[in-house]
Amino acid sequence: MTTPWPPRTTARRPLAPRVAVPREPVDPARIGRRVVRRRAKGMDAGAVAAALEDARFDARQDSRQEDLADDVRGPAELAEWERIAQLLAAAAPGTVYDPDADDVVQAELAADAAAAAAREAEHRKAARVAARADELQALRELGTLEQTKPRDGDEAVRDELTRRAGGYVQADVDAWLAHTLAAHLGHYRDPAAREAAAGLLTPPVLAHAALLAELARLVPSADVDQLAFTARLATTKPEAAGNLAAFFARVQP
């Protein structure tokens, strides 16, 4: 069964900007803690105690300045000096501070590494979506979108194309996804992918796919003109289209 495609447009749409490389968010408190740790490295308890007193003096001075009322770095540095002082007070005499042996520091580094990996993964995913959106955009301009098999992640690509269009529904992309979902093409051969699509595609696309699947089962010879109503019905009345597909599912061919 073939799906009725909306009229093709030939105007070339500009490609979206490339995805920016993610950076670690700026955190003044974290910066302050890192500065303290670098300064404290190799200090014994006495040296840390002296540095702590200096930090307390600075905190008292800063408290008198209105422009520092919202400062978070200063209090974070003071708190870190206090923590390191307590750490060395509980350690054996003569112990010097070593960030590499500090469980709190190592836990933060592990969390930082995990967060960085997550940001990088999101960046790679966004880059793949942008590249696939460029590809589908080119295919639709060539008029060959309907001949393309869907891939894992194309649901997010649909959202990206809609975003690029300023929120307007991309009727040709929606019709393509509905057809490929109904016909179990591409990654939709996998039942798990079809099940996942239920939470990733919009109700009109899902209703359109369900209606196409049932009509293909009941009327395998239906042509494009006869099925033109399915896209319109699913777009304007997705709940009614879904109910109609459910009704057809009860009909024996």
Are any side-chain N or O atoms of Glu82 and backbone N or O atoms of Glu77, one a donor and one an acceptor, separated by less than 3.5 Å?
no

Do Arg128 and Asp152 sit within salt-bridge range, that is, some charged N less than 4.0 Å from a carboxylate O?
no

If I take atom OH from residue Tyr97 and atom CG from residue Leu88, how far apart are they, to the nearest 0.5 angstrom?
8.5 Å

Are any side-chain N or O atoms of Glu239 and backbone N or O atoms of Lys237, one a donor and one an acceptor, separated by less than 3.5 Å?
no

Under 4.0 Å between a Lys/Arg side-chain N and an Asp/Glu carboxylate O for Arg56 and Glu53?
yes

Carboxylate-amine/guanidinium proximity below 4.0 Å for Arg83 and Asp102:
yes

Between Glu214 and Arg217, does any side-chain N to carboxylate O distance fall below 4.0 Å?
yes

Check: Ala47 main-chain N/O paired with Asp44 side-chain donor or acceptor under 3.5 Å:
yes

Note: Glu155-Arg158 ion pair, threshold 4.0 Å (strictly below)
no

Nearest heavy atoms of Ala182 and Ala213, plus distance in Å:
CB-N, 3.8 Å

Give a yes or no answer on whether the side chain of Arg194 reaches the backbone of Arg189 with a donor-acceptor pair at less than 3.5 Å.
yes

Test applied, salt bridge (charged side-chain N to carboxylate O under 4.0 Å, His left out); reference residue, Glu108; option that passes from Arg37, Arg34, Arg30
Arg37

